[in-house]
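First up is the structure itself, then whatever we jot down about it.
One-based numbering, in listed order, for ligands and for the atoms of each.
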Amino acid sequence: MAEEVRSLNFIEHIVEEDLRNGYSRESLRFRFPPEPNGYLHIGHASSICLNFGLGQRYNAPVNLRFDDTNPAKEEKEYVDAIKDDVSWLGYEWDTECYASDYFQQLYNWAVELIKQGKAYVDSQSSEAIASQKGTPTEAGTESPFRNRSVEENLELFEGMKNGEFAEGAHVLRAKINMASTNMLMRDPVMYRILHKPHHRTNTDWCIYPMYDWTHGESDYIEQVSHSLCTLEFLPHRELYDWFLDQLVDSKKLRPKQREFARRNLSHTVVSKRKLLQLVESGVVNGWDDPRMPTISGLRRRGYTPESIRNFADTIGIAKRENVVDVSLLEFHVREHLNKIAPRVMAVLNPLKLVITNYEKGKEEWLDAENNPEDESAGNRKVPFSRELYIEQEDFKEEANRKFFRLKLGGEVRLKNGYIIKAESCTKDEDGNVIEVQCTFDPKSRSGSGTDESLRKVKGTLHWVSIPHAVTAEVRLYDRLFNDATPDGHKNKDFMDFINPDSLQKITGYVEPSLKEAKPGDQFQFQRLGYFNVDKDSVEGHLVFNRTVTLRDTWAKLEQKD
Ligand code: ATP
Ligand code: MG
């Protein structure tokens, strides 16, 4: 629905214009092209939603293409995780493609370029090549190997392919223009020697094509109509076009590269390299640690595909980079969980409460509504007894009139249950309250009888019955970084801004209906927030993650400053 009402983004305008100019709808094809060198993060979600969103809008196929040209950093584990994440987000790709499937074709084309005098083998060190690049205002220097004969180039290139040379001995370069104002056009490297097995082609190859050489050609092979990438590739477009100019068959479709801005999220980093650093340094417990901005981390934390898609749709795409506040992402998950998450009661910082006029050993099963936002969710029973836990912060011996919770001599309603009055309390040696003694009004039970009998009191507290409570491990998360833009500081490393208190593990008490909860199940712990069952949960040891608090406590704090 949202899709219909929002206006077109600038990429959609480009596609619309192409259609108006005679481009056929049938030839539209998109792709999402991750490099399998890490797990996908929330920035990638924007690119996924953009490309697959276009596929849905125009009923066009979208490929999932793995840009796997660097065997040193890529692994099958990442390929599998990426597939899981894209599917989980709710998208279906047309074809699963790998740049490595095009290695032979790319090699043949490279040979073709050599034959046309448009590529040569350079036998200088990478340092020497770098030192000849020049500067944006000064032309580069031509390599002494630039004018090698076609025969010599062909022989050397074949030798590179056959594993006759050590890494670094030679590279293949495109012969373009060492004086170009675009540094990327100054005879870019197309192939380097790497004696490393590849996760798919194993030891078939010991030369690997560079990203710039591979990417555009892969789009062309797949006949992708619109190749969308992030802005850092804008200067690469000229090179992308140059390569296509040399090879394109005019009867075939020529892909069009267009750029959009990377999305950054506040209080975190969205770069696979930096996320890998967090994993390898042990700051987090793996790529799917619930504090990570990875899709798998967000999923484990309790984010839903809908909430991430709605977030991506709301921020849309832009032509300029900016930082999106993480509270917007939290807003979307809260909004979705509010609709779908059953309400339950849990106490995280327990204070014992004894109802002195309630019969010892008695229990009552009270009716409780599962979700006021969703009538079809039905009701359940929660057990009530003489001894309950409430939250420590819900009781004060004395408090002013604005404190609508429990204080000595004051009354509150227990959610789904009775009105109680605090009569006295017991303290430990340090003066901390360790027990509250109350009396209850037997006629005040909610849902029991007439309206007159239901007295109104200001406060309602959640609680759990002590003899029925299920003990659970509860993991509370805070932001992983103390700074809104941890990687945006000139003289400081993003690792300097790690929040040491981003994970707190506590023991909580939950109502017995949760005993059978399974990993992934989601709940609203009333008055506390949204929680889900973590994958670490096993029978007899429940583990919950706090997905998000009920309200945006950070926004409130930040406003006060
Ligand atoms: P990283 O720096 O995290 O490794 P990347 O761009 O190198 O990112 P790729 O695997 O190459 O990662 O990205 C796949 C696609 O997702 C590319 O089209 C890329 O432009 C896009 N993408 C990556 N990061 C973002 C982001 N933060 N916002 C929007 N799109 C992104
Ligand atoms: Mg990359």
Side-chain angles (χ1 to χ4, degrees), residues 9-11 30-55 62-70 72-75 77-83 85-86 89 91 93 96-100 210-212 214-216 218-219 222 224 226-237 240 255-280 287 292-298 308-309 311-324 326 328-329 485-488 494:
N9 64 44
F10 77 94
I11 296 283
F30 306 93
R31 89 286 174 266
F32 172 64
E35 182 184 354
N37 62 346
Y39 282 59
L40 298 180
H41 51 63
I42 187 72
H44 290 114
S46 278
S47 175
I48 293 170
C49 292
L50 170 65
N51 284 294
F52 284 93
L54 285 163
V62 184
N63 289 350
L64 176 60
R65 151 124 46 80
F66 291 98
D67 255 320
D68 54 349
T69 53
N70 184 0
K73 292 199 173 144
E74 296 158 4
E75 288 172 29
E77 176 197 343
Y78 298 139
V79 169
D80 294 341
I82 289 169
K83 284 160 65 176
D85 288 348
V86 175
L89 279 174
Y91 296 111
W93 51 88
E96 182 180 325
C97 306
Y98 293 84
S100 55
M210 300 300 286
Y211 182 86
D212 277 338
T214 314
H215 195 80
S218 302
D219 286 335
E222 291 169 23
V224 166
H226 294 78
S227 170
L228 310 172
C229 59
T230 34
L231 276 178
E232 70 271 22
F233 291 102
L234 182 60
H236 298 245
R237 199 205 282 184
Y240 180 105
K256 205 172 190 181
Q257 173 178 309
R258 287 295 177 271
E259 305 80 13
F260 63 98
R262 290 180 91 80
R263 283 302 189 183
N264 303 301
L265 193 65
S266 78
H267 297 91
T268 193
V269 289
V270 281
S271 144
K272 282 178 281 182
R273 183 177 59 75
K274 289 173 189 158
L275 295 173
L276 178 65
Q277 208 177 319
L278 291 172
V279 173
E280 288 185 335
W287 285 95
M292 289 281 269
T294 50
I295 306 292
S296 52
L298 291 167
I308 295 175
R309 291 200 308 261
F311 167 74
D313 211 44
T314 305
I315 61 175
I317 53 164
K319 291 185 182 177
R320 238 182 263 161
E321 266 205 40
N322 67 349
V323 179
V324 181
V326 65
L328 186 63
L329 181 62
T485 53
D487 52 1
F494 74 99

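The residue from Gly43, Ser271, Ala261 that puts a heavy atom closest to atom 26 (C) of ligand 1 is Gly43. Closest heavy-atom approach to atom 2 (O) of ligand 1 among the candidates Arg273, Arg262, His215, Glu232: Arg262. When the heavy atoms of Ala45, Gly38, Pro33 are ranked by distance to atom 17 (C) of ligand 1, first place goes to Pro33.
Aromatic ring pairs are classed by plane angle as parallel below 30°, tilted from 30° to 60° and perpendicular above 60°; the pair Phe233 and His215 is parallel. Aromatic ring orientation, Tyr91 versus Phe52: parallel (interplanar angle below 30°, classes split at 30° and 60°).
When heavy-atom distances to ligand 1 are checked against a 4.0 Å cut-off, His41 comes that close only through its side chain, counted from C-beta outward.
With respect to Lys83 and Glu96, a salt bridge is recorded, a charged nitrogen being found less than 4.0 Å from a carboxylate O. In this structure, Glu222 does not pair ionically with Arg31, as no charged nitrogen and carboxylate oxygen lie closer than 4.0 Å.
Put simply, the side chain of Ser46 never gets that close to the backbone of Ala312: no donor and acceptor are under 3.5 Å apart.
Residue His44 places at least one N or O, backbone or side chain, under 3.5 Å from an N or O of ligand 1. Residue contacts with ligand 1: Thr230 is placed with a nitrogen or oxygen under 3.5 Å of a nitrogen or oxygen of the ligand (distance criterion only). Between Asn264 and ligand 1, not a single N/O pair is under 3.5 Å apart. Between Ser46 and ligand 1, a contact under 3.5 Å exists for no N or O pair.
Tyr240 has its ring centre no less than 6.0 Å from the ring centre of His236.
Within the structure, ligand 1 lacks Lys274 among the residues with a heavy atom less than 4.0 angstrom away. Close to ligand 1: Phe32, with a non-hydrogen atom less than 4.0 angstrom away.
By the side-chain contact (heavy atoms from CB on, under 4.5 Å) test, Arg262 pairs with Thr230, Glu232, Glu321, sequence neighbours left out. Looking at residues two or more places apart in sequence or on another chain, you find a side chain to side chain donor-acceptor pair (under 3.5 Å) between Gln257 and Glu259.
Of all atoms in ligand 1, numbered sequentially from 1 with element shown, those under 4.0 Å from a heavy atom of Arg263 are 26 (C), 27 (N), 28 (N), 29 (C).
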